[in-house]
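Every chain is numbered from 1 and lettered A, B, ... according to where its sequence line falls, protein lines coming before strand lines.
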There are 2 protein chains.
Amino acid sequence: MADVARAAGVSQQTVSRVANGLPNVNEQTRQRVQATMQELGFRPSYAGRSLRDGRYHSVGLCVNDVTKFGNLSMIDGIASAAREHNCAITLVEMSKTEEFSLAEATRRMAALPVDGIIIGMSRMAPDFETFDPLPGIGTVIVTMYAHPRVTTVDSDHYGCSLLLMDHLFELGHDQIRYIGGPSFSVDEQFRRAGWQDALERKHIKPQAPLEGDWSANSGYEAGRYLAEHDRTMTAIYAANDQMANGAIAALRDSGLRVPEDVSVVGVDDSLDDFVAHNELTTVRFDLHQRGREVFEHAVPEAGTVGKTVAIRIPGQLIIRHSTAIPRS
Amino acid sequence: MADVARAAGVSQQTVSRVANGLPNVNEQTRQRVQATMQELGFRPSYAGRSLRDGRYHSVGLCVNDVTKFGNLSMIDGIASAAREHNCAITLVEMSKTEEFSLAEATRRMAALPVDGIIIGMSRMAPDFETFDPLPGIGTVIVTMYAHPRVTTVDSDHYGCSLLLMDHLFELGHDQIRYIGGPSFSVDEQFRRAGWQDALERKHIKPQAPLEGDWSANSGYEAGRYLAEHDRTMTAIYAANDQMANGAIAALRDSGLRVPEDVSVVGVDDSLDDFVAHNELTTVRFDLHQRGREVFEHAVPEAGTVGKTVAIRIPGQLIIRHSTAIPRS
DNA sequence: CAACCAGGTGCTGCCATAGCT
DNA sequence: CAGCTATGGCAGCACCTGGTT
């Protein structure tokens with residue numbers, strides 16, 4: 001900036017005014033300064049400005065694996081909210097191999113240009129219970145587990161199960177098998193708990209849940225197994241759409257019709273791009289809203305008192321044609 | 001930091017030494033300072049440090065829509081490369097509505113804490129020809145179009161077509177129809193050009209390409225149309241796997257067998273999670289390698305002369321069972 | 001209205017110093 | 001006194017604000 005000032009024959013302050021579009025600059029001067037900035041390839045120093053006004057206009061986001069469906073949609077939702085607040089995202093991916101602790105994630109983020117910290121906890125962190133957020137900076141954990149000292153936000157991975165189970169109950173199903181994701185997944189834990197509680201609330205004994213890995217192939221395996229071993233089942237709740245899609249393929253390969261013989265539901269509403277004529281009954285989450293909630297709690301407006309809350313955003317039941325009344 | 005120094009009764013420099021794990025600090029002093037830092041919730045100022053040493057340890061990434069398949073994989077590849085260099089990513093999503101110009105993207109990124117700028121140009125920017133990168137900072141555009149003054153990196157969206165077409169030619173196909181993505185997409189333009197050139201090189205007149213929107217449903221529509229209107233076609237090249245998957249469904253719904261009656265190929269190798277027993281012959285790109293190339297050209301090691309290059313990373317043909325010799 | 005000067009933001013490299021062996 | 005360690009002072013990185021000319 002000093003260079004520009006010297007080259008244009010004005011003071012630094014004038015350059016500053018021009019750079020920030022402030023008034024009280026002679027039009028000729030402004031143009032001359034702008035020309036000089038162009039010429040020298042002037043780039044305002046983010047460091048200087050940040051140091052000066054103590055804000056970074058960026059929010060930190062720490063995830064362990066960008067490619068997981070949940071994380072992508074998290075980035076999207078937050079990116080959209082951040083843009084509305086004229087804010088960037090500083091993204092850090094934790095090594096997939098190293099242990100993922102909240103303290104470590106916080107330590108890493110704290111050294112970066114962030115006005116708030118968002119940590120995606122898609123599997124339980126070893127130090128969740130004992131974790132204390134850094135004072136003086138907003139911290140939000142994206143997870144279903146509530147925390148006494150940290151605001152947590154997530155789509156309601158428990159409630160989505162209730163929505164789907166109620167739908168199946170209303171159709172008349174009661175023998176509803178469950179195909180879950182890997183058991184270390186937090187989403188899985190809550191989706192399964194919802195399934196189980198829904199059954200128990202109706203005094204139906206849940207049959208053993210099957211464990212997949214979120215992929216269609218694992219859903220296929222599970223569906224195959226169920227088709228061959230469970231004659232009484234009338235519906236399958238797969239914990240995501242991909243596995244549901246695999247399960248449907250398996251059922252059909254086993255000679256069972258969907259939904260006439262077996263109803264199938266999934267979660268996420270993620271198939272549309274990949275499958276033509278998507279017929280799967282599922283739950284859709286409003287990930288942009290989640291992103292907005294996450295962002296706004298991580299970077300509270302000045303004056304907002306950052307009370308610790310636990311926000312669970314309900315999903316929306318999408319009824320298509322993979323569900324019907326059970327075979328008699 | 002001054003606070004910590006005062007509270008611990010030492011100088012700022014000593015605190016600095018402790019914070020950075022430098023030697024020449026008495027063990028007792030070190031512990032006392034660390035305790036004080038803990039107590040006061042000390043967080044090193046990113047702004048101060050950056051201002052000091054003129055580097056941000058972050059690379060800027062600008063994309064127009066995070067959720068697009070290509071962009072997700074871009075983030076993933078770059079995140080992985082960035083982590084290897086102990087670097088964060090500053091992500092900016094351009095508004096989906098506003099016009100996407102390279103100058104605007106650069107302007108936005110330049111005001112952020114970035115040591116390099118990466119711009120994903122999945123559709124042609126209006127100012128591509130005239131764009132001049134900001135001097136003094138590495139700029140990489142992720143796109144197939146080469147630029148005289150900017151390094152460009154991309155998966156080889158032209159070469160992937162040649163790989164697939166050669167595979168089909170070897171099997172004996174020559175009536176190969178094309179289902180493309182939206183024509184504004186740069187990937188689409190190059191994939192289609194590859195298809196067309198491959199045919200013309202063999203003196204086969206390309207039949208009119210169909211235009212989809214990357215979704216399985218659009219592939220289905222196109223597949224349906226071809227099944228009903230083209231008796232001579234023996235193979236379909238769909239410009240991504242999702243449309244290929246839709247096309248296969250359409251062909252089967254029209255009573256055609258795949259691959260016995262019609263062979264189908266796609267690009268991206270993106271179906272595995274969504275479809276059980278994925279049988280689609282396709283091309284897989286090494287997105288981590290692309291991420292590494294992009295990153296390393298955007299943030300060149302000190303001393304590297306930033307020559308402008310155009311890097312195209314070849315894909316790998318994955319032969320499965322959606323292709324076979326044509327029906328006689 | 002336009003421009004200048006001084007001061008403050010957090011951090012660290014260089015140098016100085018003090019106290020040792 | 002050379003050679004070492006532990007510590008502190010100073011300056012400057014780029015920017016902006018407020019007071020002053």
Under-4.0 Å side-chain N/O to phosphate OP1/OP2 contact, B:N24 with D:dA6 = yes

message = Side chain of B:M1 only, heavy atoms from C-beta on: which candidate in D:dC16, C:dT12, D:dT7 is closest?
response = C:dT12

task = Sequence neighbours left out, what passes salt bridge (charged side-chain N to carboxylate O under 4.0 Å, His left out) with A:E296? Give chain and number order.
result = none

task = Once you apply the 3.5 Å cut-off to both distances, tell me the Watson-Crick or G-U wobble partner of D:dG12, or none.
result = C:dC11

ask   = Counting only distance, no hydrogens or angles, is the base of D:dG8 paired donor-acceptor with the side chain of B:R17 under 3.5 Å?
value = yes

Under 4.0 angstrom between B:T29 side-chain N/O and D:dA6 OP1 or OP2 = no

query = What do the steps show when you test A:T14 against A:R30 for side-chain contact (heavy atoms from CB on, under 4.5 Å), and what is the final call?
reply = CA-CA 8 Å; A:T14 303; A:R30 183 183 299 275; over 6 Å; no

request  = Go through residues 35-47 of chain B and report each residue with a non-hydrogen atom lying under 4.0 Å from DNA chain C, sorted by number.
outcome  = B:F42, B:P44, B:S45

key: Among D:dG18, D:dG9, C:dA3, the one nearest B:Q13 by side-chain distance   = D:dG9

inquiry  = Please list, in numerical order, the residues of residues 50-59 of chain A that have a heavy atom closer than 4.0 Å to any atom of DNA chain D.
reply    = A:R52

query = Does B:H85 have any ring-ring contact (aromatic ring centres under 6.0 Å, His included) partners at least two apart in sequence or in another chain, and if so, which?
reply = B:F295

ask   = Of all the choices, C:dT12, C:dA2, D:dG9, which nucleotide is nearest to the side chain of A:N26 once you look at every atom?
value = C:dA2

query = Given D:dT7, is OP1 or OP2 found less than 4.0 Å from the side-chain N or O atoms of B:S11?
reply = no

Listed once per pair and sorted, the ring-ring contact (aromatic ring centres under 6.0 Å, His included) pairs that draw on residues 13-33 of chain B, sequence neighbours left out = none

ask   = A:T14 side chain N/O closer than 4.0 Å to the phosphate oxygens (OP1, OP2) of C:dA3?
value = yes

message = Which residues pass the salt bridge (charged side-chain N to carboxylate O under 4.0 Å, His left out) test with B:D286, not counting sequence neighbours?
response = none

ask   = Is any side-chain N or O of A:N20 closer than 4.0 Å to OP1 or OP2 of D:dC16?
value = yes

